[in-house]
Amino acid sequence: MAEQQQKKGRIVTGMRPTGKLHLGHYLGVLKNMVKLQDEYECFFFVADWHALTTKYNCTENLIEDTKNVVLDWLAAGVDPDKANIYVQSHLPQTAELHIYLSMITPQNWVERDPTLKDLVKMIRNGENDSKPDVSYGFLGYPVLMSADILSFNVDYVPVGIDQVAHIEITRDIARRFNNIYKTELFKEAKPLLTNIPMLKGVDGQKMGKSFHNDIKISDDEETTQKKVMKAITDRSRARKDDPGHPDKCEVAFEYWKAFASDEKIAQVQKECIAGQRGCADCKRELAALINEELRPIRERRKYYEEHPAVVEEIIKKGDAKAQEAAEVVLKEIRKAVGMYH
Ligand code: TRP
Ligand code: SF4
């Protein structure tokens, strides 16, 4: 309790279960979660209902994908004693709140949601594994997200820039709820912008599973090494003792900057420019560095993979904590709406 009071407030954030996470997730989102767990009261959840909004017809990997997200979180150092890890669909309070919010949300608010428009485009272009159609539930994407956030009446929501429009709708919905039901129940949750360094895939495109250019947290060291060896370098360089251009080294040097110390980065830069560093050797050394940073993470992941009962317990505990916290808020909500409670 004393510890709780020192925290800077309550946060919630979710991640859709899209499979095993990669280095882009690790550097951007996961490291941030590990940092936030010491500063805030945290609710971290796997957004499996949100996965259904676009993939309701291909659910065969949903459970495994959900577990893999939790495994990657635990591996990266999210500590179940500090943060509550739960699964969205294990929180009936969110489903109930989604109903109340869906009643008061004007139709045109969801229709003009810019992130949703992008998703619709993606679905229509077939950049999604599922059938190209846009369902009623899909239109409710931002409303469901609002329900996630307002279930805990949080202060902040750590998200990337692409999700900010959703947080804005959440604030609009919260304000509208407060107006309609003449209450001050809901706070206006603010985005806690995650400064996500964009890490390119080894081929120089955006890193992503579907592009087959990603390095997974769960890859083994040999696979990591093979993938790093494919990383694009300075394309204008022909021989290994030609002077190189780190600023034109599209991927490999970007990885150096993401993983190495400042001194090491300066050294690589200097040797590259002087033609004292061949690209193959350079990438071999880079792979070793990445593997070294990931070693304890991968060991932790392996431990949890081998102890599924421990993971189940962690999720059960997180579910229960989340239910307890959300139920406190929901009691107020039912009262405010005027439900027979
Ligand atoms: N839509 C988010 C994403 O795709 C995931 C998400 C669902 C979320 N509900 C949330 C994030 C609530 C923050 C808060 O990344
Ligand atoms: Fe990039 Fe290293 Fe090759 Fe220089 S030596 S171009 S930094 S891979």
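In listed order, ligands and their atoms are each counted from 1. The residues of the chain are indexed from 1 along the displayed sequence. Keep in mind that this is a model prediction, so the values were computed, not measured.
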(message) Walk me through whether Asp148 and Gln88 qualify under side chain to side chain donor-acceptor pair (under 3.5 Å).
(response) CA-CA 8 Å; Asp148 294 326; Gln88 184 185 34; 2.9 Å; yes
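- A ring-centre distance under 6.0 Å is not found for Tyr255 and Phe259.
- Under a 4.0 Å criterion applied to the non-hydrogen atoms of Val157, ligand 1 contributes the atoms 13 (C), 14 (C).
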(message) Assess the residue pair Lys264 and Gln267 against the criterion (side chain to side chain donor-acceptor pair (under 3.5 Å)); give the C-alpha distance rounded to whole Å, side-chain angles, the decisive distance to 0.1 Å, and a yes or no.
(response) CA-CA 5 Å; Lys264 186 69 200 178; Gln267 184 203 340; 3.3 Å; yes
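- The residues Asp72 and Arg301 are annotated as salt-bridged, a charged nitrogen and a carboxylate oxygen being separated by less than 4.0 angstrom.
- By the criterion of a heavy-atom distance under 4.0 Å, neither the backbone nor the side chain of Phe43 is placed next to ligand 1.
- In summary, Lys67 and Glu312 engage in a salt bridge, as defined by a charged side-chain N under 4.0 Å from a carboxylate O.
- The distance from ligand 1 to the heavy atoms of Asp148 drops below 4.0 Å at these ligand atoms: 7 (C), 9 (N), 10 (C), 12 (C).
- Backbone or side-chain N, O or S atoms of Cys249 reach atom 1 (Fe) of ligand 2 at under 2.8 Å.
- Salt-bridge check for Asp155 with Lys187: passed, with a basic side-chain N closer than 4.0 Å to an acidic carboxylate O.
- Contacts with ligand 2 closer than 4.0 Å are made by side-chain heavy atoms of Arg237 only, the backbone lying farther away.
- Remark: minimum distance from atom 2 (C) of ligand 1 to any protein heavy atom is reached at Gln163 OE1, 3.3 Å.
- Nearest protein neighbour of atom 5 (C) of ligand 1, counting heavy atoms only, is Gly14 O, 3.5 Å.
- Close approach of ligand 1 to Thr13 (heavy-atom distance below 4.0 Å) involves ligand atoms 11 (C), 13 (C).
- Residue His166 places no N or O, backbone or side chain, under 3.5 Å from any N or O of ligand 1.
- Protein heavy atom nearest atom 1 (N) of ligand 1, with residue, atom name and distance: Tyr141 OH, 2.8 Å.
- Contact annotation: Cys282 places no N, O or S atom under 2.8 Å from atom 3 (Fe) of ligand 2.
- A salt bridge is defined here as a Lys NZ or Arg NE, NH1 or NH2 lying under 4.0 Å from an Asp or Glu carboxylate O, and Glu41 with Lys7 fails to meet this definition.
- With a 4.5 Å cut-off on side-chain heavy atoms, Tyr304 and Val70 do not count as touching.
- Evaluated by nearest non-hydrogen atom to atom 3 (Fe) of ligand 2, the leading choice among Ala252, Cys272, Cys279 is Cys279.
- Nearest protein neighbour of atom 8 (S) of ligand 2, counting heavy atoms only, is Thr233 CG2, 3.4 Å.
- Distances below 4.0 Å separate heavy atoms of Val159 from the following atoms of ligand 1: 13 (C).
- In summary, the aromatic rings of Tyr100 and Phe186 are positioned with their centroids too far apart to meet the 6.0 Å limit.
- Interface of Asp234 with ligand 2, defined as ligand atoms under 4.0 Å from a residue heavy atom, comprises 6 (S).
- Contacts between Pro246 and ligand 2 below 4.0 angstrom, taking non-hydrogen atoms only, are absent altogether.
- The protein heavy-atom contact nearest to atom 12 (C) of ligand 1 is Met145 CG, 3.6 Å.
- Protein heavy atom nearest atom 4 (O) of ligand 1, with residue, atom name and distance: Arg16 NE, 3.0 Å.
- Closest non-hydrogen pair, Pro296 versus Glu293, comes out as CD-O, 3.5 Å.
- Pro17 and Ala47 make their closest contact through CD-O, 3.3 Å (heavy atoms, listed as atom of the first residue, atom of the second, distance).
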